[in-house]
Amino acid sequence: MLLLISPADVEEARDCAKAARFLDIVDVKKPDEGSLGANFPWVIREIRDAVPANKPVSATVGDVPYKPGTVAQAALGAAVSGATYIKVGLYGCTTPEQAITVMRGVVRAVKDYRPDALVVASGYADAHRIGCVNPLALPDIAHRSGSDAAMLDTAVKDGTRLFDHVPPDLCAEFVRRAHGAGLLAALAGSVRVDDLGTLTGIGTDIVGVRGAVCERGDRTTGRIQPHLVAAFRAEMDRHEQEQTTVAAGI
C-alpha cells in the first residue's frame with residue numbers, strides 16, 4: 001500500500017521531504033477551493049523541486065464541472081508542471097457517461113504529452129450529498145475512459161469520514177472492481193491510523209491522508225509533522241506484515 005500525503009503549501013512539502021523515506025507520493029491540492037481543489041502550476045513546480053526526485057508528485061485539477069475541454073486543458077497543465085499522477089474530481093458529472101467523456105479527454109491530453117503519467121478518476125464517498133456519480137461506478141468509469149486508477153475521497157469536509165458514507169464492505173467492493181479492471185484503487189477521506197487494518201485487508205493500493213499526520217489531527221489549522229508521517233508509516237508496515245503472516249498461514 002502506497003502512502004500519499006497532501007501538504008497545503010511549499011513549506012509543508014519541505015516538511016514532507018524531511019520524511020521522504022516514509023511516504024510514497026506527495027500530493028498537491030488547494031483545500032480552500034474544494035476537497036480536490038487545484039493549485040497553481042507554479043506551486044506544483046515548486047513542490048516538485050522541493051521533494052526528492054524519486055518521489056512522484058500528484059496534482060488535483062479540481063472538483064471539476066462537466067466541461068470536458070476545460071478539464072482536459074487543466075489536466076495537461078498539471079502534467080506540464082511536473083505531476084506524475086493527475087487526479088480529476090468528477091464533482092459536476094451526474095451520469096457515468098458524462099464522467100467517461102471528461103476522463104477520456106483528460107487521458108488523451110495527458111498521455112499525448114507524457115505517456116508514463118497516471119490518470120486518476122476521482123469520485124466522492126458522499127456523492128449523495130452533492131448529486132454526482134455513484135462511488136461504485138468509478139472503477140467502470142476509469143476503465144472505460146482509459147484511466148489508470150479509481151479513487152474515492154469525501155467532498156464535504158465536515159468531520160464525516162470515508163467509512164461513514166461508504167462502509168468497509170462497499171469499499172472492498174470498490175477495490176475488487178478496480179482490480180478486476182486492471183486499475184489501482186485509492187482511498188482517502190479523513191483516514192485515521194485505526195482504519196489501516198481495514199484498508200490493508202481489502203487490498204487498497206494507495207491511501208491518502210492529511211489530518212492524520214498533522215499536529216492535533218487537524219487538517220485545517222494543523223501542520224504536517226515528519227514524526228507523525230513516520231509513525232503512520234510504521235503502523236501501515238505493521239498491518240501489512242500481519243496480513244502477510246496471515247496469508248502465509250504462519
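Sequential numbering from 1 along the given sequence is applied to the chain's residues.
- Atom CZ of residue Arg176 and atom CD1 of residue Ile202 lie 12.5 Å apart, to the nearest 0.5 angstrom.
- Using modelled atom types, one finds a donor on one side chain and an acceptor on the other under 3.5 Å when comparing Asp27 with Ser58.
- Pairs engaging residues 69-78 under the salt bridge (charged side-chain N to carboxylate O under 4.0 Å, His left out) rule: none recorded [sequence neighbours left out].
- Smallest separation of non-hydrogen atoms from Gly203 and Val175: O-CG1, 3.7 Å.
- Across every non-hydrogen atom of Tyr124 and Ala155, the tightest pair is CD2-CB, 3.4 Å.
- Residue pairs that meet the ring-ring contact (aromatic ring centres under 6.0 Å, His included) test with at least one member in residues 160-210, sequence neighbours left out, are His128-His165.
- Legend: salt bridge (charged side-chain N to carboxylate O under 4.0 Å, His left out) pairs involving residues 101-110, not counting sequence neighbours, sorted by first then second residue: Arg108-Asp112.
- With sequence neighbours left out, Arg14 forms a salt bridge (charged side-chain N to carboxylate O under 4.0 Å, His left out) with no residue at all.
- Looking only at distances, no side-chain donor or acceptor of Glu33 sits under 3.5 Å from a matching main-chain atom of Gly62.
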Using residues 40-54 as the side-chain source, report each donor-acceptor pair under 3.5 Å to any protein atom, sequence neighbours left out, with the distance given to one decimal.
residue	atom	partner	partner atom	Å
Arg48	NH1	Lys55	O	2.9
Arg48	NH2	Pro52	O	2.7
Arg48	NH2	Lys55	O	2.9

Worked check of side-chain contact (heavy atoms from CB on, under 4.5 Å) between Leu196 and Met1: CA-CA 10 Å; Leu196 287 173; Met1 189 159 65; 4.0 Å; yes

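- Using modelled atom types, no side-chain atom of Thr154 and backbone atom of Arg161 make a donor-acceptor pair closer than 3.5 Å.
- Side-chain contact check for Ser35 versus Asp63: some heavy-atom pair is nearer than 4.5 Å.
- Residues Ile86 and Val57 share a hydrophobic cluster, clusters being chains of Ile/Leu/Val/Met/Phe/Trp/Tyr side chains in contact below 4.5 Å.
- Side-chain contact between Val229 and Lys18 is absent, with no heavy-atom pair separated by less than 4.5 Å.
- The backbone N or O of Arg192 sits less than 3.5 Å from a side-chain atom of Asp195, completing a donor-acceptor pair.
- Panel note: side chain Asp205, backbone Ala186; no donor-acceptor pair is recorded below 3.5 Å.
- With sequence neighbours excluded, the residues satisfying side chain to side chain contact (heavy atoms under 4.5 Å, CB included) with Ala181 are His143, Leu183.
- With rounding to the nearest 0.5 Å, the separation of OG in Ser122 from CG in Asp153 is 7.5 Å.
- Here CZ of Arg177 is found 4.5 Å from CG of Leu136. Values are rounded to the nearest 0.5 Å.
- Listed by chain and residue number, Arg129, Val156, Thr160 satisfy the side chain to side chain contact (heavy atoms under 4.5 Å, CB included) test with Asp158 (two or more places apart in sequence, or in another chain).
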Verdict with supporting geometry, Cys16 and Ile224, side-chain contact (heavy atoms from CB on, under 4.5 Å): CA-CA 7 Å; Cys16 288; Ile224 290 174; 4.0 Å; yes

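- Under the 4.5 Å side-chain heavy-atom criterion for Ile, Leu, Val, Met, Phe, Trp and Tyr, Leu36 and Val119 are members of distinct hydrophobic clusters.
- Scanning for side chain to side chain contact (heavy atoms under 4.5 Å, CB included) contacts around Arg223 gives Asp9, Glu11, Glu12, Glu215, Gln225, with sequence neighbours left out.
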Sequence neighbours excluded and cut-off under 3.5 Å, please list the side-chain donor-acceptor pairs for residues 65-79, or say none.
none

Working for side-chain contact (heavy atoms from CB on, under 4.5 Å), residues Val80 and Tyr113: CA-CA 8 Å; Val80 169; Tyr113 172 76; 3.8 Å; yes

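- Looking at residues two or more places apart in sequence or on another chain, you find a salt bridge (charged side-chain N to carboxylate O under 4.0 Å, His left out) between Glu235 and Arg238.
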Leu152/Leu187 under side-chain contact (heavy atoms from CB on, under 4.5 Å): CA gap, chis, key distance, verdict: CA-CA 5 Å; Leu152 287 184; Leu187 294 172; 3.9 Å; yes

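- In plain terms, the two heavy atoms of Cys93 and Val102 that are nearest each other are SG-CG2, 3.8 Å.
- Under a 4.5 Å side-chain heavy-atom criterion applied to ILVMFWY residues, the cluster that includes Leu4 comprises Leu2, Ile25, Tyr85, Leu118, Val120, Met151, Leu184, Ile206 as well.
- Between the side chain of Thr204 and the main chain of Leu199, a donor-acceptor pair closer than 3.5 Å is present.
- Contact detail for Ala13 and Pro7: the closest heavy-atom pair is N-CB, 3.6 Å.
- Taking OG1 from Thr95 and CD1 from Ile100, the interatomic distance works out to 8.0 Å, rounded to the nearest 0.5 Å.
- The minimum heavy-atom distance between Pro96 and Ile141, with the atom names listed, is CA-CD1, 4.0 Å.
- Of the inter-residue distances, the one linking Thr84 atom OG1 with Arg114 atom CZ reads 4.0 Å to the nearest 0.5 angstrom.
- Considering every non-hydrogen atom in both Gly131 and Thr94, the closest pair reads O-CG2, 3.5 Å.
- The CD1 atom of Ile5 sits 12.0 Å away from atom CG of Asp15, with the distance rounded to the nearest 0.5 Å.
- A salt bridge links Arg233 with Asp24; the closest basic N to acidic carboxylate O contact falls under 4.0 Å.
- Sorted by first and then second residue, the ring-ring contact (aromatic ring centres under 6.0 Å, His included) pairs involving residues 202-246 (not counting sequence neighbours) form an empty list.
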